[in-house]
Amino acid sequence: MPKLRYAKGRIKLKKGEYQRPNGTFEYKWTDRIGTRHSVYAKTLLELRIKEDAILKDILDGIKSFSQNMTINSYYEIWKKVKSGIRDTTLMAYIRPYRLYVEPGFGNTKLKDVSYSRLVTFYKDLIENRHLSILSVKQLNSILSMIFDLAVKDGVLRNNPCHGAVKELKRKYADQIKEVKALTVAEQRLLEEYLSRPGPDHRFSPIITAMLYTGMRIGEVCGLRWEDIDFDNGIIHVAHTLTKCYSVSCDQISFAMNPPKTKKSNRFIPMTPIVKDAILLEKAYQDHSGIKLTPSVNGFSDFVFLDDKGKVFRSTKLNDVLRRISKKIDEEIKMNKSLYGLTSFPHIHTHTLRHTFATRMREAGADIKATADIMGHTEVSLTLNTYTDASQEFKRREISLLDRHDKSRVV
């Protein structure tokens with residue numbers, strides 16, 4: 001019969017429990033692979049709370065010995081087993097992780113990561129490091145994949161990322177800048193501005209192409225002349241120009257990759273407006289003697305090039321759109337009769353894609369056809385994300401009800 005042991009005060013100790021010479025308590029146990037472990041507590045009550053948690057982990061198959069691994073160490077495991085994504089996409093995950101997680105929070109042990117601690121970390125990034133809620137959402141996606149792997153491996157019971165961003169949205173809802181489509185009047189003014197002679201007229205072809213095809217910025221920048229079928233009036237979206245970061249995240253390059261999804265590899269009917277815009281681009285390049293230099297990982301013959309012969313980049317085009325927005329806004333302030341507008345919004349490449357989807361909706365286009373043109377796998381994405389209803393459109397739609405009621409009057 002085993003000898004009974006007691007703590008000070010004649011409190012009976014269970015198997016594996018010990019009172020140390022300094023009065024604190026220790027619990028020792030051996031895991032399934034024969035490795036010895038210990039936990040400590042100031043009181044026996046605290047120790048037994050920890051014992052209960054350890055027993056629950058063992059019964060649930062949680063590998064408590066692996067919980068001493070840090071987030072950073074499990075991040076390295078995640079990188080090795082992650083599959084099904086492109087290298088460029090993986091680098092897009094790695095860069096923010098290395099910037100914001102790895103130096104500090106990444107050293108946290110998995111067993112010490114909780115929902116509240118994670119939300120506190122995100123709040124610090126927003127309030128003290130001035131990250132946007134969208135940037136934090138991206139970080140949460142990365143950490144969620146890492147913690148999901150830990151859950152599947154039996155290291156964690158739950159993923160602490162679930163619901164974290166929703167929690168933050170309640171507090172920082174005013175910081176979320178919803179992308180809005182241009183109204184009909186705003187689009188008309190933008191196109192009129194681009195048609196004028198001047199330095200910004202140079203950007204009319206690529207902006208027009210985006211406004212009237214709904215292509216993503218990487219897709220329109222990755223267009224090559226072989227993708228343009230003038231005879232049949234079709235644009236083939238076969239590649240996307242992607243920004244790439246070096247392993248150290250301090251150098252940027254570009255690569256041509258397949259489109260975002262299988263559905264994104266698509267054929268878009270070319271309207272006369274788009275055809276004229278592309279021909280205008282070609283005429284400008286021929287007249288100016290612009291030639292591509294250098295090629296992008298073996299690809300050349302791009303449709304849209306800047307004046308230095310380089311492919312357009314999203315940052316470059318967004319800078320252009322920001323400058324144009326400011327100039328148009330200044331014109332409106334000086335002449336308030338411009339299409340009845342009092343101001344002009346700051347626009348970027350996403351605005352152009354939203355505007356295309358909204359104009360299609362207002363024109364009564366089939367939503368499935370619109371989704372196919374935009375390269376969406378789900379119609380709901382087109383409806384929920386990329387279509388606004390302008391005031392003019394809503395007035396026109398609700399007037400249908402008025403006409404219907406009048407037709408019922410005898």
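The closest side-chain heavy-atom distance from Phe344 to Leu190 is below 4.5 Å. A heavy-atom distance below 4.5 Å is not found between the side chains of Thr120 and Asp124. The shortest distance between side-chain heavy atoms of Leu143 and Tyr122 falls below 4.5 Å. The shortest side-chain heavy-atom distance between Asp286 and Lys282 falls under the 4.5 Å cut-off. The closest side-chain heavy-atom distance from Ile324 to Ile207 is below 4.5 Å. Contact check for Gln187 versus Leu211: side-chain heavy atoms found under the 4.5 Å cut-off. Under the 4.5 Å side-chain criterion, counting only non-hydrogen atoms from C-beta, Ile234 is not in contact with Pro269. Residues Tyr40 and Thr24 are not in side-chain contact: their nearest non-hydrogen atoms beyond the backbone lie 4.5 Å or more apart.
Using modelled atom types, one finds no donor on one side chain facing an acceptor on the other under 3.5 Å when comparing Glu219 with Thr240. Looking at Arg216 and Ser264, their side chains do bring a donor and an acceptor atom within 3.5 Å of each other. For the 3.5 Å distance criterion, the side chains of Ser144 and Ser141 fail to qualify, holding no donor opposite an acceptor. Side-chain atoms of Asn159 and Tyr115 form no donor-acceptor pair, as typed in the model, at a separation below 3.5 Å. Side chains of Thr358 and Thr355: a donor-acceptor N/O pair is absent below 3.5 angstrom, by distance only. Side-chain contact check for Glu17 and Tyr27: no donor-acceptor pair (N or O, by modelled atom type) lies under 3.5 Å. For Tyr97 and Gln138, the side-chain atoms include no donor-acceptor pair closer than 3.5 Å.
The local environment of NZ in Lys333 is crowded, with over 12 non-hydrogen atoms from other residues, nucleotides or ligands closer than 6.0 Å. Dense packing is recorded around NZ of Lys79, with more than 12 heavy atoms of other residues, nucleotides or ligands lying under 6.0 Å away. Within 6.0 Å of the NZ atom in Lys42, the count of heavy atoms belonging to other residues, nucleotides or ligands does not exceed 12.
Taking a cutoff of 4.0 Å between a charged side-chain nitrogen and a carboxylate oxygen, Glu281 and Arg202 qualify as a salt bridge. Under 4.0 Å is where a charged nitrogen must lie from a carboxylate oxygen, and between Glu46 and Lys50 no such pair does. Contact check on Asp372 versus Lys263 returns a salt bridge, with a Lys/Arg side-chain nitrogen under 4.0 Å from an Asp/Glu carboxylate oxygen. The pair Asp227-Arg224 does not meet the salt-bridge criterion, since no charged nitrogen lies less than 4.0 angstrom from a carboxylate oxygen.
With Tyr75 as reference, Ile94 is the one residue of Thr70, Val101, Leu149, Ile94 to meet the side chain to side chain contact (heavy atoms under 4.5 Å, CB included) rule. Here the options are Ile228, Asn265, Leu223, the test is side chain to side chain contact (heavy atoms under 4.5 Å, CB included), and the partner is His236; only Asn265 passes.
Across Arg323 and Asp200, no two heavy atoms sit closer than the pair NH2-OD1, 2.5 Å. When all heavy atoms of Val296 and Ala255 are compared, the closest pair comes out as CG1-CA, 3.8 Å. When every heavy atom of Thr349 is checked against every heavy atom of Leu321, the shortest pair comes out as N-CD1, 3.5 Å. Minimum heavy-atom separation, Lys291 to Leu305: C-CD1, 4.2 Å. Nearest heavy-atom pair across Met374 and Ala357 is SD-CB, 3.6 Å. The heavy-atom pair separating Thr370 from Met360 by the smallest distance is OG1-CE, 3.6 Å.
Annotation: cation-pi pair Lys28/Tyr18 present, NZ/CZ under 6.0 Å from the ring centroid and within 45° of its normal.
Once rounded to the nearest 0.5 Å, the distance linking NE2 of His350 with CD1 of Ile217 reads 10.0 Å.
Judged by distance alone, the side chain of Ser73 and the main-chain N or O of Met69 form no donor-acceptor pair under 3.5 Å. Of the possible donor and acceptor atoms, one in the side chain of Thr213 sits under 3.5 Å from a partner among the backbone N and O of Ala209.
Take Asp276 and apply the salt bridge (Lys or Arg N to Asp or Glu O under 4.0 Å) test, not counting sequence neighbours, and it matches no residue.
For residues 295-314, every residue pair satisfying the ring pair (Phe, Tyr, Trp, His ring centres under 6.0 Å) rule, not counting sequence neighbours, is listed here: His239-Phe299.
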